[in-house]
Number of protein chains: 2
Amino acid sequence: MGQRRDEVLQAAIELLDEVGIEGLTMRVLAARIGVRASALYRHYPSKQALLDAMVVHLATPGADPQAPADAPWDEQLRQTANGLREVMLAHRDGARLMSTFHTPGPEAAAGFHNLVAALRTAGTTPDAAVTAVDTVLAYVNGHTLEEQTRKTDARTWPRDRRDLAFNNGLELILTGIRATLP
Amino acid sequence: MGQRRDEVLQAAIELLDEVGIEGLTMRVLAARIGVRASALYRHYPSKQALLDAMVVHLATPGADPQAPADAPWDEQLRQTANGLREVMLAHRDGARLMSTFHTPGPEAAAGFHNLVAALRTAGTTPDAAVTAVDTVLAYVNGHTLEEQTRKTDARTWPRDRRDLAFNNGLELILTGIRATLP
DNA sequence: ACCTGAACACCGTTCAAGT
DNA sequence: ACCTGAACACCGTTCAAGT
């Protein structure tokens, strides 16, 4: 059951990659799978629900390189940050799509908690751990959204140059976190 | 000349505050100033041009608390970061509006360059200064976008609690920058 | 210079009706 | 269970025509 639902989701992601988030409309998506727009509402109650499902699908680890839970906190933050950015850059308007996500589910909260736990074992207070993780995630989202949407010089840089810029900023934050450690 | 153009801009900002970015349409905006939608295109070539003008207008310092150019680099970064967040939070969907901004103008580049210069006098390399400023701005945009749009626990926190969370993250980054200083 | 009227080519969503 | 047809209430934008 629900395989048609997945077919809609799959087609939506393909359409996103071809035309961007602006061109992703219920009517065009429906046409792509040989159906009328109204039929999509049997599978998703609204366009926003479909967009949310796309975010969850893309952000779900799958076989992503995830650092083991006993890895050092900075390695875990690096992996999460790079993985998140990777997912966004892998799809046209990926960052903008993520930014439309309204209600983070339990799996997002779980990933968040794992990172906080890793920092806590390094000796931070609970509050400091939350601040650290929040800061890294806000940086990743802000940086990648700008990298992918803004018409700035950096947009024309080659990928490895942009990776370097991103990681330099990330290391800056990790250094800041390290300084608050006992 | 152009005072009608400013009237449109003013009305657009008022409408944004009342109905949000979703409800900000050319037709409703036109009705508000007693005109048809098509008349707006005498003043702005497109809706995107109007949105860009709104961002420039809101982000233009005006009489904002701006740190003097000879203030220490961290004080300047704090002022810029808080000022930017303040502007976003002062308007409904302010952060989302800013994120639609496609082509940063020369005034944005000038503000950026001032911050880089402040860091350079503190002894950083040019590259490190750019990274530091980029990182702070990405954090502010990412954090505020999340603060204003995401349906998370933090959204219901009182303002002073949210200010604290924001500033804690900011100080984390400033500490990281400080560690790279000679 | 500034605005209207009318049109063009679209949107998301609902709902009775069909199979 | 899943889809169609038709409609509702909208969009941004263009362009000839009016004053």
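Because the structure is a prediction, the values reported are computed rather than measured.
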Taking 4.0 angstrom as the limit, do [X] and [Y] come out as a salt bridge?
{"X": "A:E171", "Y": "A:R78", "value": "yes"}
{"X": "A:K151", "Y": "A:E146", "value": "no"}
{"X": "B:R162", "Y": "B:E147", "value": "yes"}

Would you say the side-chain atoms of B:Q76 pair up with the backbone N or O of B:A118, donor to acceptor, closer than 3.5 Å?
no
Positive for side-chain hydrogen bond (donor to acceptor under 3.5 Å, both in side chains) with A:E7, one of A:R5, A:Q3, A:R4, A:Q10:
A:R4
In this structure, how many angstroms lie between the [atom2] atom of [N] and the [atom1] atom of [X], rounded?
{"X": "B:K47", "N": "C:dC10", "atom1": "NZ", "atom2": "P", "result": "18 Å"}
{"X": "B:L50", "N": "D:dT13", "atom1": "CG", "atom2": "C1'", "result": "14 Å"}
{"X": "A:R5", "N": "D:dA1", "atom1": "CZ", "atom2": "P", "result": "16 Å"}
{"X": "B:M26", "N": "C:dT4", "atom1": "CE", "atom2": "C1'", "result": "16 Å"}
{"X": "B:E7", "N": "C:dC3", "atom1": "CD", "atom2": "C1'", "result": "14 Å"}

I want to check a possible cation-pi pair here: B:R85 against B:F166, using under 6.0 Å from ring centre and within 45° of the ring axis as the test.
yes
In whole Å, measure the gap between the C1' atoms of C:dC8 and D:dC11 for me.
12 Å
Integer angstrom distance from the C1' of C:dC10 to that of D:dA9
13 Å
N or O in side chain of B:R27 less than 4.0 angstrom from D:dT13 OP1/OP2
no
Does anything in residues 36-46 of chain B come within less than 4.0 Å of DNA chain C? Heavy atoms only, and list the residues if so.
B:R36, B:S38, B:A39, B:R42, B:H43
Watson-Crick or G-U wobble mate for D:dA6, both contacts under 3.5 Å
C:dT14
